[in-house]
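Every chain is numbered from 1 and lettered A, B, ... according to where its sequence line falls, protein lines coming before strand lines.
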There are 2 protein chains.
Amino acid sequence: MLELAVLGLLSESPLHGYELRQRLKATLGAFRAFSYGSLYPTLRRMRASGWIAEHEGDAEVVAGAPALTGRRGKVVYELTAEGKERLAELLAEAGPSAWEDESFGVHFAFFSQTAPEVRVRILEGRRSRLEERREGARSSLKRASSRMDRYTLQLQEHGLESVEREVRWLTELIETERSAGTTPPHPADPQ
Amino acid sequence: MLELAVLGLLSESPLHGYELRQRLKATLGAFRAFSYGSLYPTLRRMRASGWIAEHEGDAEVVAGAPALTGRRGKVVYELTAEGKERLAELLAEAGPSAWEDESFGVHFAFFSQTAPEVRVRILEGRRSRLEERREGARSSLKRASSRMDRYTLQLQEHGLESVEREVRWLTELIETERSAGTTPPHPADPQ
DNA sequence: TTCGTCATGTAATGGGTTACATGATTAC
DNA sequence: GTAATCATGTAACCCATTACATGACGAA
């Protein structure tokens, strides 16, 4: 998860750990945060795997006196060729690992780098996942709403409405994807 | 988390593991599932802690022939006195552990067993948590929406709307709690 | 000179999941 | 008799968090 997010962000531009976390918060803020306690070990692991490397040409701030041998400043990372392959591999996955609650947001955030067919399959996968949940909630409400206390009922209803809302959103997105099949509209695609 | 959910459900009636999981799905369906792989070890641990015990008087189905010594059927659990204390303790907590994403739903589900002041504090805590997130999302959209690709933007907007929606819901609930201060309305409170 | 925030990291722990294994009971 | 679902459990693992520790740098 974090791995995909890091690969996705670094594919846009080289970043150091701290910066990476800011971008993570800004991009996925509403869904997940990721603490430094998981970010830095992940960066280590990914460097060991050869997917990222220290970025060349970051001697900017140094230049003066305190550097020379023991520069202990920002460690800027960039994707390696293997890292780009790994990212492509992760973005090509169109299974549950892409549409479950924890992961969907991260996959969606990098949809512009994802193949159109894969995008649609992920959106549909997530939608049917939510439709199942919606049916579960509906039948639970029909069967047991009379036995539920006020709060359980409120929770169920709010949950159901949230799910219904997300299903509508996904349906719109799927339609947009479908109709974009012939004339791919890239109104604002960076890089 | 699971512990609170189990205590809360068992406080309504004795249940066995499998049944417990069904109820868990029905009650928290839209938020979390909990697998048997975490449920059974949790039940073990809770029994060791003395919060739950095997329910007396479940020899119903036996009676015929196959029982006598080695009955290996449902293991029905019920709360002990210590378990009830533990539940009260957990329900009295009005800190972040009650209003964060993962835990709020579970706490809310047992609000009818929670003290009114605690209910309001949890609702307000969650609301300000979400308001922070909302402001983060808004400023992120203002600053960077022009640099975002289509999908990142969609994600941000959908996230923002979800948060706004939940804030409105919480505000309504808080108002209801407040106005219920004088005349506690219990239109449908089981047991 | 002290406070905030930038910046990097580790250790211990937490709280769950998946996959596997087994067997009883019920419905067709 | 056989498939579904009820029912209980274990082992291995995963992915993250919290709390802690350290230190540089800029602004007041």
Side-chain angles (χ1 to χ4, degrees), chain A residues 1-7 14-25 28 31-49 52 54-55 58 60-67 70-77 90 95-97 100-103 105-106, chain B residues 1-7 14-26 28 31-49 52 54-55 58 60-67 70-77 90 95-97 100-106:
Chain A
M1 209 67 296
L2 222 194
E3 185 186 303
L4 170 57
V6 168
L7 290 171
L15 296 166
H16 61 262
Y18 191 86
E19 228 172 348
L20 217 29
R21 210 230 165 184
Q22 310 296 100
R23 298 288 303 272
L24 240 26
K25 264 204 295 195
L28 312 167
F31 308 90
R32 13 188 55 245
F34 294 118
S35 63
Y36 293 118
S38 59
L39 178 56
Y40 286 111
T42 296
L43 288 172
R44 233 165 207 296
R45 191 169 40 76
M46 289 173 69
R47 200 189 48 192
S49 303
I52 61 177
E54 286 193 32
H55 178 55
D58 54 324
E60 342 107 45
V61 199
V62 191
R71 80 102 164 71
R72 188 72 321 173
K74 306 177 191 179
V75 184
V76 177
Y77 294 103
L90 291 175
S97 66
E100 287 304 315
D101 290 333
E102 335 77 50
S103 43
V106 178
Chain B
M1 209 68 294
L2 221 195
E3 184 186 304
L4 170 57
V6 167
L7 290 171
L15 297 167
H16 60 259
Y18 191 86
E19 229 172 347
L20 217 28
R21 209 231 165 181
Q22 311 297 100
R23 299 289 301 272
L24 242 26
K25 262 202 297 195
L28 312 166
F31 308 89
R32 15 190 50 246
F34 295 117
S35 63
Y36 293 118
S38 57
L39 178 56
Y40 285 111
T42 295
L43 288 172
R44 235 166 204 293
R45 190 167 42 75
M46 291 173 70
R47 200 189 47 191
S49 303
I52 61 177
E54 286 193 32
H55 179 55
D58 54 322
E60 340 108 45
V61 200
V62 189
R71 80 110 166 64
R72 190 69 321 174
K74 306 176 191 179
V75 184
V76 177
Y77 294 103
L90 291 174
S97 66
E100 288 302 316
D101 290 334
E102 334 76 50
S103 42
F104 174 71
V106 178

How many whole angstroms separate atom [atom1] of [X] from atom [atom2] of [N]?
X: B:Tyr36; N: C:dG16; atom1: OH; atom2: P; result: 16 Å
X: A:Lys74; N: D:dT22; atom1: NZ; atom2: P; result: 24 Å
X: B:Met1; N: D:dT17; atom1: CE; atom2: P; result: 17 Å
X: B:Leu43; N: D:dT8; atom1: CG; atom2: P; result: 9 Å
X: A:Glu54; N: C:dA7; atom1: CD; atom2: C1'; result: 14 Å
X: B:Arg45; N: C:dT13; atom1: CZ; atom2: P; result: 15 Å
X: A:Glu3; N: D:dA16; atom1: CD; atom2: C1'; result: 14 Å
X: B:Asp101; N: D:dA16; atom1: CG; atom2: P; result: 15 Å

Taking the nucleotide of DNA chain D with the nearest heavy atom to each, does B:Arg44 or B:His16 sit closer to the 5' end?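 Looking at DNA chain D, the more 5' nearest nucleotide goes with B:His16.
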
Given 3.5 Å as the limit, does a donor-acceptor pair link the side chain of [X] with the main chain of [Y], or not?
X: A:Arg32; Y: A:Glu102; value: yes
X: B:Ser103; Y: B:Ser97; value: yes
X: A:Ser38; Y: A:Phe34; value: no

Check whether any side-chain N or O of [X] sits under 4.0 Å from OP1 or OP2 of [N], and answer yes or no.
X: A:Tyr40; N: C:dT8; result: yes
X: B:Tyr18; N: D:dC6; result: yes
X: B:Ser35; N: C:dT17; result: yes

In degrees, rounded to 10°, what is the bend between the two ends of the helix from C:dT1-D:dA28 to C:dC28-D:dG1, using five pairs at each?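 End-to-end axis angle: 40°.
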
Using side-chain heavy atoms (C-beta onward) and a distance below 4.5 Å, is B:Leu2 in contact with B:Val106?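 The answer is no, as the side chains (C-beta and beyond) never meet within the 4.5 Å cut-off.
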
Using a 6.0 Å distance limit plus a 45 degree cone around the ring axis, check whether A:Arg47 lies over the aromatic ring of A:Tyr77.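 Not flagged: A:Arg47 not positioned over aromatic ring of A:Tyr77.
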
Which part of the nucleic acid does A:Gly37 contact within heavy-atom distance under 4.0 Å: base, sugar-phosphate only, or nothing?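 Base, at least one base heavy atom under 4.0 Å.
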
Do you know the tightest heavy-atom contact between A:Pro14 and A:Val76?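 For A:Pro14 and A:Val76, the tightest heavy-atom pair comes out as CB-CG1, 3.7 Å.
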
What heavy-atom pair brings A:Tyr40 and A:Tyr18 nearest, and what distance separates the two atoms?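 Scanning both residues completely, I find the closest heavy atoms to be OH-N, 3.5 Å.
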
